[in-house]
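Quick notes on the structure that follows.
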Amino acid sequence: MTIDDIAGALGVSKTTVSRAISGNGRIGAETRERVLEYIRCHNYRPNLVAKGLAKQRTYNIAVVWPGDYTSFDLPFFQRLLIGINSYLSERDYDIIIAVDVGNDYTSLKRIVDNRKCDGVILTRTLKRDKTIAYLQQEGIPFVTVGSCNDASVTQIDNDNRGACCELTQILLAKGYKRLVLIGGPSDQVVNEQRYEGFTDAYIRAGASPEEGLAYMDVVDDMHLHTVLSDIIKRHVDGIVCMDDYLAAQTLIKCHTDEIRIPEDIKLASFYDSSALRNSVPSITSIRFDDHALGEEAAKAILQKLDGCVPRNEKLRQYNVVLRESTQ
DNA sequence: CGAAGCTGAGAGGAAGATAG
DNA sequence: CTATCTTCCTCTCAGCTTCG
């Protein structure tokens with residue numbers, strides 16, 4: 001059934017049917033109700049492809065998923081994606097996933113070149129982000145989940161710097177002065193912000209982190225193993241991991257080397273994934289509302305498509321959840 | 001005469017159908 | 001084989017009719 005069929009059945013023009021559905025343009029209340037009643041009785045659904053043709057829209061949003069995500073990052077991405085989808089699906093938009101690694105945007109480019117999406121949501125940002133530069137050059141509306149230095153980019157983000165600072169401050173206040181930070185690729189803005197938060201906490205405590213106790217760019221198990229061996233030799237008070245994969249590997253390494261957590265060394269992480277929430281011991285972590293983060297990103301991209309300039313949201317709040325690993 | 005209510009025509013992209 | 005319609009469905013501009 002099309003609006004033409006409805007128009008024929010009710011003896012009005014298809015324009016009138018269209019106006020009754022959209023609510024745009026002049027139409028009598030009685031005529032409108034007659035059309036809507038007919039639609040209700042006959043389960044009519046407008047053809048979105050035809051609507052897209054008329055409105056020059058695809059009703060798809062591309063979401064860029066970093067292909068190098070680990071299984072421990074997945075819960076974050078899953079919650080984020082569900083948040084994005086719950087907002088978009090209520091407004092007849094769908095998601096297309098583009099899987100790209102680092103600064104390679106081949107997958108996204110194919111989607112954009114084939115005009116399969118109206119806008120793009122990036123789920124992380126890099127310090128020199130070529131994907132952002134590409135989208136700016138192409139003039140494609142986009143928002144980032146994650147911060148970047150370009151103020152013209154609409155950015156939605158958790159307060160990673162503040163969260164890492166507060167977590168570190170809590171550990172310092174407990175008397176754990178020699179803390180180590182382990183982080184992933186430093187070209188990811190999120191990791192840099194967490195590093196800054198870590199050093200902020202020391203500065204606020206009137207101290208500075210011990211030289212060489214921040215291990216960045218830990219990207220594979222071999223490297224992590226070497227780092228952990230080094231850390232254990234240095235007899236530090238605690239380890240702060242920038243993600244749950246690193247924390248999980250640290251747990252395994254400590255168990256193998258018969259180092260007890262929290263008796264011999266404290267351990268804290270990010271993301272609050274269920275694997276570490278329920279591990280023995282349970283791991284102190286940061287809790288963000290990733291679902292709401294996704295909804296906000298989706299809202300912002302639809303605002304951009306409608307020609308609004310969404311204000312750059314303030315950083316989203318968090319909770320530090322203290323558990324057995326830092327007692 | 002002007003506002004309200006409505007209609008006709010055409011645009012939009014891609015693929016299939018038809019004419020030359 | 002190439003070029004030119006035609007079709008799919010919806011939206012919207014421009015314009016028509018009706019009525020107070």
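To find a chain, count down the sequence lines: A is the first, B the second, and so on, and within it residues start at 1.
Residues A/D289 and A/Q317 bring no donor and acceptor atom of their side chains to less than 3.5 Å of each other.
Side-chain N/O atoms of A/Y44 include none lying less than 4.0 angstrom from OP1 or OP2 on C/dC9.
Taking the six-membered ring where tryptophan is involved, the planes of A/Y202 and A/F198 are perpendicular, since the angle between them exceeds 60° and thus also 30°.
Near DNA chain B, meaning a heavy atom under 4.0 Å from it, residues 48-61 of chain A has A/A50, A/L53, A/A54, A/Q56 in order of number. Proximity of residues 11-20 of chain A to DNA chain C (heavy atom under 4.0 angstrom from any strand atom) is restricted to A/K14, A/T15, A/S18, A/R19.
Here B/dT7 presents its C1' atom at 17 Å from CD1 of A/I6, a figure rounded to the nearest Å. The CZ-C1' distance, from A/R45 to C/dT10, rounds to 14 Å in whole Å. Rounded to an integer number of Å, the gap from A/R32 CZ to B/dA4 C1' is 16 Å. In this entry the distance linking CZ of A/R34 with P of B/dG5 reads 14 Å, nearest Å. The separation between A/N47 atom CG and C/dT7 atom P is 17 Å, rounded to whole Å. The distance from atom CD of A/E30 to atom C1' of B/dC6 is 14 Å, rounded to the nearest whole Å.
Qualifying side chain to side chain donor-acceptor pair (under 3.5 Å) partners for A/S22, counting only residues two or more places apart in sequence or in other chains: none. Not counting sequence neighbours, the partners of A/R40 by the side chain to side chain donor-acceptor pair (under 3.5 Å) test are A/E33, A/E37. Judged as a side chain to side chain donor-acceptor pair (under 3.5 Å), and not counting sequence neighbours, the contacts of A/D306 are A/R57. A/D113 meets the side chain to side chain donor-acceptor pair (under 3.5 Å) test with A/K109; sequence neighbours excluded.
Salt-bridge formation is detected for the pair A/D92/A/R45: a Lys NZ or Arg NE/NH1/NH2 atom is positioned less than 4.0 Å from an Asp or Glu carboxylate oxygen.
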Output a table of nitrogen or oxygen pairs between the protein and nucleotides 16-19 of chain C separated by less than 3.5 Å.
none

Give me the distances for all protein-to-nucleotides 15-17 of chain B N/O pairs that come in under 3.5 Å?
none

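Tested against A/Y318 for a side chain to side chain contact (heavy atoms under 4.5 Å, CB included), the candidates A/I286, A/L167, A/D272, A/N158 yield a single pass: A/I286. Between A/Y93 and the options A/L48, A/N60, A/D118, a side chain to side chain contact (heavy atoms under 4.5 Å, CB included) holds for only A/D118. With A/R124 as the partner, the salt bridge (charged side-chain N to carboxylate O under 4.0 Å, His left out) test is satisfied by one option alone out of A/D157, A/D68, A/D129: A/D68. Of the candidates A/V17, A/V35, A/D5, A/I21, A/Y44 forms a side chain to side chain contact (heavy atoms under 4.5 Å, CB included) with just one, namely A/I21.
Applying the 6.0 Å contact sphere to CG of A/D104 captures more than 12 heavy atoms from other residues, nucleotides or ligands. Atom CD of A/E263 sits in a crowded spot, with more than 12 heavy atoms from other residues, nucleotides or ligands closer than 6.0 Å.
Using a 4.0 Å heavy-atom criterion, one finds that A/T31 contacts the sugar-phosphate atoms exclusively.
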Side-chain donor/acceptor pairs under 3.5 Å, residues 174-184 of chain A, sequence neighbours excluded:
from   : atom 1 : to     : atom 2 : distance (Å)
A/Y176 : OH     : A/T326 : O      : 3.3
A/K177 : NZ     : A/L172 : O      : 3.2
A/R178 : NE     : A/E210 : OE1    : 2.7
A/R178 : NH1    : A/R234 : O      : 2.9
A/R178 : NH1    : A/H235 : O      : 2.9
A/R178 : NH2    : A/E210 : OE1    : 3.3
A/R178 : NH2    : A/E210 : OE2    : 2.9

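Within the structure, the ring-ring contact (aromatic ring centres under 6.0 Å, His included) test picks out no pair touching residues 205-232 of chain A (sequence neighbours left out). Legend: ring-ring contact (aromatic ring centres under 6.0 Å, His included) pairs involving residues 106-158 of chain A, not counting sequence neighbours, sorted by first then second residue: A/Y105-A/Y134.
Rounded to 10 degrees, the angle between the two end axes of the helix from B/dC1-C/dG20 to B/dG20-C/dC1 is 60°, with five pairs used at each end.
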